[in-house]
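Down below is the structure, laid out as structure tokens.
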Number of protein chains: 2
Amino acid sequence: MSRSNPRVLSTLERAGGFASAQEIYRLMQREGESIGLTTVYRSLQSLVNDKIVDVLRRDDGEAIYRLCGDAHHHHLVCKSCGETVEIEGGAIEKWARVMAEEHGFRDVGHTAEIFGICSKC
Amino acid sequence: MSRSNPRVLSTLERAGGFASAQEIYRLMQREGESIGLTTVYRSLQSLVNDKIVDVLRRDDGEAIYRLCGDAHHHHLVCKSCGETVEIEGGAIEKWARVMAEEHGFRDVGHTAEIFGICSKC
DNA sequence: GCACAAATGAAAATGATTTTCATTCCCATA
DNA sequence: TATGGGAATGAAAATCATTTTCATTTGTGC
Ligand SMILES: [Zn+2]
Ligand SMILES: [Zn+2]
Ligand SMILES: [Zn+2]
Ligand SMILES: [Zn+2]
């Protein structure tokens with residue numbers, strides 16, 4: 001197993017700590033960095049193995065990588081224009097823990113997103 | 001938009017109410033039913049639109065379709081074996097409404113899922 | 001310099017899902 | 001009954017993320 005190319009991690013950080021492999025690749029290209037898509041995928045896999053980043057799935061199935069240390073938060077997304085607001089989880093955090101415990105689940109995580117139409121749309 | 005082929009829903013039921021499009025297709029083939037993969041996908045999409053089935057993602061990104069009741073609910077999913085428990089949203093229903101209103105969003109919906117390792121795994 | 005292992009990336013392969021498009025099926029009306 | 005139009009169907013091609021292959025490059029210790 002290969003080691004992670006440090007520029008990939010640095011780009012993921014610069015992307016807000018939340019991006020897909022393809023996005024990271026395109027971002028690096030746009031910034032003139034020479035790297036292959038394969039290396040981006042391999043580096044991300046390695047970072048996941050080392051538990052430096054988490055991997056989640058978008059609704060369309062694409063894998064998105066998230067820096068672990070990042071402050072946990074959720075999103076409020078406009079269905080029309082795509083505007084996204086980062087919000088606090090608040091009550092959800094406890095809800096997830098309680099529900100999981102109630103059913104005997106461990107190592108739990110959660111996803112939660114609110115979508116609607118923003119005031120500008 | 002086409003309507004769902006009733007044999008697809010019937011097969012999903014027979015599969016335990018939990019299967020991927022490819023699995024449903026292969027199951028129907030094995031049972032001698034003549035159907036195209038395209039129709040399976042279209043029927044499942046239609047069932048999702050009509051909120052007769054939910055769609056989730058396996059760890060590998062493949063979409064899995066799951067029969068579910070009408071009542072609004074959320075899922076607690078085992079990352080290892082895929083076991084799914086339907087749970088009440090509880091506090092997050094209000095959280096979603098409040099957060100959305102706070103930021104001026106309307107026509108809001110939400111998704112929330114908890115994932116972890118179940119007691120059997 | 002030399003050998004050898006690790007890293008890289010272009011290109012091909014894979015696999016799920018979507019799109020295209022020609023054909024078939026259904027059904028209402030003349 | 002015949003017919004015309006819209007819906008349903010499915011084979012094949014296209015798409016797209018991801019993985020695999022494999023030849024080349026790079027790095028490191030001797
Ligand atoms: Zn908007
Ligand atoms: Zn949270
Ligand atoms: Zn389990
Ligand atoms: Zn809810």
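In what follows, chains are A, B, ... by sequence order, proteins preceding strands, each numbered from 1.
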Pairing residues for His72(A) by the side-chain contact (heavy atoms from CB on, under 4.5 Å) criterion, not counting sequence neighbours: Arg66(A), His74(A), Glu93(A), His110(A)
Rounded distance (Å) that lies between atom P of dA17(D) and atom CD of Glu62(B): 17 Å
Partners meeting ring pair (Phe, Tyr, Trp, His ring centres under 6.0 Å) with His75(A) (sequence neighbours left out): Phe18(A), His73(A)
Nucleotide nearest Arg42(A) when distance is taken to its side chain, options dT18(D), dT17(C), dG9(C): dG9(C)
CD (Glu88(A)) with more than 12 external heavy atoms under 6.0 Å: no
Gln22(B) CD to dG15(C) P, straight-line distance once rounded to whole Å: 10 Å
Donor-acceptor contact present, side-chain Ser43(B) to main-chain Asn5(B), <3.5 Å: yes
Shortest non-hydrogen contact from Ala63(B) toward Val55(B): CB-CG2, 3.9 Å
Interface with DNA chain D, restricted to residues 34-41 of chain B and to heavy atoms under 4.0 Å: Ser34(B), Ile35(B), Gly36(B), Thr38(B), Thr39(B)
N or O in side chain of Asn5(B) less than 4.0 angstrom from dT9(D) OP1/OP2: yes
Nearest-angstrom distance from the residue atom CG of Leu44(A) to P of dT8(C): 13 Å
Arg57(A) side chain to Gly61(A) backbone, donor-acceptor under 3.5 Å: yes
Gln45(B) side-chain N/O to dT17(C) phosphate OP1/OP2 under 4.0 Å: no
